There are 2 protein chains.
Amino acid sequence: MAVTLRDVADRAGVSRSAVSRTFTEGASVSAKTRAKVEKAATELGYSPNAIASSLTTGRTKLIGLVSNNFHNPLFLEVFDLFTRGLQDRGLRPLLVNLSHETDPANSVRMLRQYSVDGVIVASSTLPPSFAEAFRDAGVPVVHSFGRYTTSPHVHVVGIDNIACGRMAAEALIARGHRSVAFLGGPETATSTQDRERGFLDALSSHPEIQVSVSYASAYSFDAGRAEMMRLLQGTPAEAYFCGDDVLSIGVLSAISDARLRVPDDIGIIGLNDMEMARWENINLTTIRQPVAQIIGASIDLVVETIQHPDRHPETRLFPCRVIERGTLRPVPR
Amino acid sequence: MAVTLRDVADRAGVSRSAVSRTFTEGASVSAKTRAKVEKAATELGYSPNAIASSLTTGRTKLIGLVSNNFHNPLFLEVFDLFTRGLQDRGLRPLLVNLSHETDPANSVRMLRQYSVDGVIVASSTLPPSFAEAFRDAGVPVVHSFGRYTTSPHVHVVGIDNIACGRMAAEALIARGHRSVAFLGGPETATSTQDRERGFLDALSSHPEIQVSVSYASAYSFDAGRAEMMRLLQGTPAEAYFCGDDVLSIGVLSAISDARLRVPDDIGIIGLNDMEMARWENINLTTIRQPVAQIIGASIDLVVETIQHPDRHPETRLFPCRVIERGTLRPVPR
DNA sequence: ATTCATTTTGCAACCGGTTGCAAAAAGAAT
DNA sequence: ATTCTTTTTGCAACCGGTTGCAAAATGAAT
């Protein structure tokens, strides 16, 4: 059925090695045989079988892309950039959807069966142990959008969530708010913990500002909306730093239902800057994650790790910045 | 490094065939040797190499998932369902991002190099010829969200876009609108053409209703917004059927900027029912595509095609229905 | 205990490539 | 023309599995 190396060799009148070598970068073939082989190959429509060659070279050029964020619109951009970035480097993404899975063992097995060259765990909610399971299995791995740790056991690329929390706090302080709040995602998510920490940390030097904290049950519209509706039964803070953009939009929806105005009655700052945050009817002030840089660095790092498996685990964090839109009042004066 | 079949065989004191057979469904192994092998396998942490076995079986259990829709939030749901659905059947999705590519040859080559068992082309904008290129290369293929044709050359699963256009028209007629319009996506997209056709067809029996047609330059927020802003310079129709939900949201944004109210001044009906359409601050009346059914059927069909490669090309279309929310006034009486 | 049918097992070839090695060919130097 | 060096080539083994086939083992029947 499919045309193989042997067919090409026969047609070109050379050995199978010769054919293999013409398709192998830097192998020794004379111009003459290369020409013969290439002619035969195009005539037959041959293209080498990556699977078969991986068997001897030990390289499949497959990269496992593991994620559990299939409900955050930011991740559509993430998948877009990852798949394009990998393709551009001649790598192919093998997607693993972790939606309900929490045990890494299964994913590890699945990806080892396909001898992936490396794995990228793209998630801001998975614990570090998840990526570590791959490293323990001897698979080069990078945790994208992962959590910063001082002595990482595994490569991490992402943002400094603590610094982001601080940045959000400073944005609210600069606007002269007297009472502010953190409305996080699930308390167990590593990103929530760090963002809260940074937020509270920055506010600790401003005892005159009243601070409160609460958590939505998920990084989702509904959870954000539900939590804000609950908060609106009491006395809400003047401004909220929300766990992420989707949550923020749920919060905005609850506020608008309560006939309160943003930013006059309540200010909101999100985190991510997903594509729809800039849509005019959302117009969310938020902290932008440099997604493209994170993804570029993640791919670079996994490629480097494939080449040098024993490199020290490294953490690469990229700076975020506040994107001013319409859900936070302007800084006075 | 990795533990192979041979290691297990040595440890269990049996032949390599015996090991292979214990891991092969329906092969002949006695309970005794199976036990020995399984013991050795778990002790060594062995799991069979799918890549290697594919070489002889001719089955990789890889499915190419080809798409160019990385900016439509609906497709995050689509990827979620596809990856989960494939995983549940023991198949692995190999993602190909077509963002700028228009020539199928490249994708075909990429996926043939990995000997994928089948391909799912998930796109409402790609022409039928794209999927056909895979069929011509002898790869089982299903075009998901593809266009209906009376004599398809390739399996198609999706919705009847013409019927949807008609359904939208009927929804507007039932509400007593005197002037209605179709605001499509790019004129070249197959889905746009069909939806327009159905829409105009249903209205042809209502000569008293004024009808107009225009196109946004893409299925995107910005394009929808821009086109509606243009339309608002003249006299807009009473109600619009928009190419899809993202477009609709752009349109809503333009309308709200013009200080017009929805649905009182202008009614909007979208198509897709993506997750955020139900968000309370969007609350879009739209036509729901049964995404889960389409995806389930697509996977079924590609699996069947792998088993029976010569099956006649088939078109499976699923019915849509109007989801009433807040952007279209209620049916009178 | 013998015969026959059935199941289990290992051998060896194969899947589609790659690669170390030694032989053959080409090129350079005398 | 001869010798030496360098490049090119094919052989054969191997990557990690599968599978047809015949031999060996098991079980049933007499």
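So that the names make sense, note that chain A is the first sequence line, chain B the second, and so on, each numbered from 1. Keep in mind that this is a model prediction, so the values were computed, not measured.
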Atom CZ of A:Arg6 and atom P of C:dA13 are separated, to the nearest Å, by 14 Å
Atom of B:Glu77, atom of B:Glu275 and distance for their closest heavy-atom approach: OE2-N, 2.7 Å
Does a side-chain N-to-carboxylate-O contact under 4.0 Å join A:Asp7 and A:Arg11? no
Under a plain distance cut-off of 3.5 Å, with no hydrogens placed, do B:Asn161 and B:Ser191 share a side-chain donor-acceptor pair? no
B:Phe70 and B:Phe79: aromatic ring centres closer than 6.0 Å? yes
Does some side-chain heavy atom of A:Ile299 sit less than 4.5 Å from a side-chain heavy atom of A:Ile295? yes
Within the structure, does a side-chain N or O atom of A:Thr4 lie under 4.0 Å from either OP1 or OP2 of C:dG16? no
Starting at atom CD of A:Gln113, determine the distance to atom C1' of D:dG17, rounded to an integer number of angstrom. 13 Å
Close residues, residues 27-45 of chain A, relative to DNA chain C [heavy-atom separation under 4.0 Å]: none
Could you check if a side-chain atom of A:Leu98 sits within less than 4.5 angstrom of a side-chain atom of A:Leu126, using non-hydrogen atoms only? yes
Test applied, side chain to side chain contact (heavy atoms under 4.5 Å, CB included); reference residue, B:Ile63; option that passes from B:Val142, B:Ile120, B:Val116, B:Val303: B:Ile120
Rounded to whole angstroms, how far apart are CZ on B:Arg112 and P on C:dG16? 13 Å
Rounded to whole Å, please give me the gap between CD1 in B:Ile51 and P in D:dG17. 11 Å
Between B:Gln87 and B:Arg92, is any pair of side-chain heavy atoms under 4.5 Å apart? yes
When rounded to whole Å, the CG to P distance for the pair B:Asp7 and D:dC15 reads 11 Å
Please find out if less than 6.0 Å separates the ring center of A:Phe75 from that of A:Phe145. yes
Axis bend over the full length of the helix from C:dA1-D:dT30 to C:dT30-D:dA1, computed from five pairs that close each end, to 10 degrees: 30°
Let me have a per-nucleotide readout for nucleotides 18-23 of chain D, 5' to 3', with B, S or -, counting only protein heavy atoms under 4.0 Å. BBB---
Over 12 foreign heavy atoms within 6.0 Å of CZ, B:Arg6: no
Take A:Asn69 and A:Tyr219 through the side-chain contact (heavy atoms from CB on, under 4.5 Å) test and state the conclusion after the steps. CA-CA 10 Å; A:Asn69 291 247; A:Tyr219 278 117; over 6 Å; no
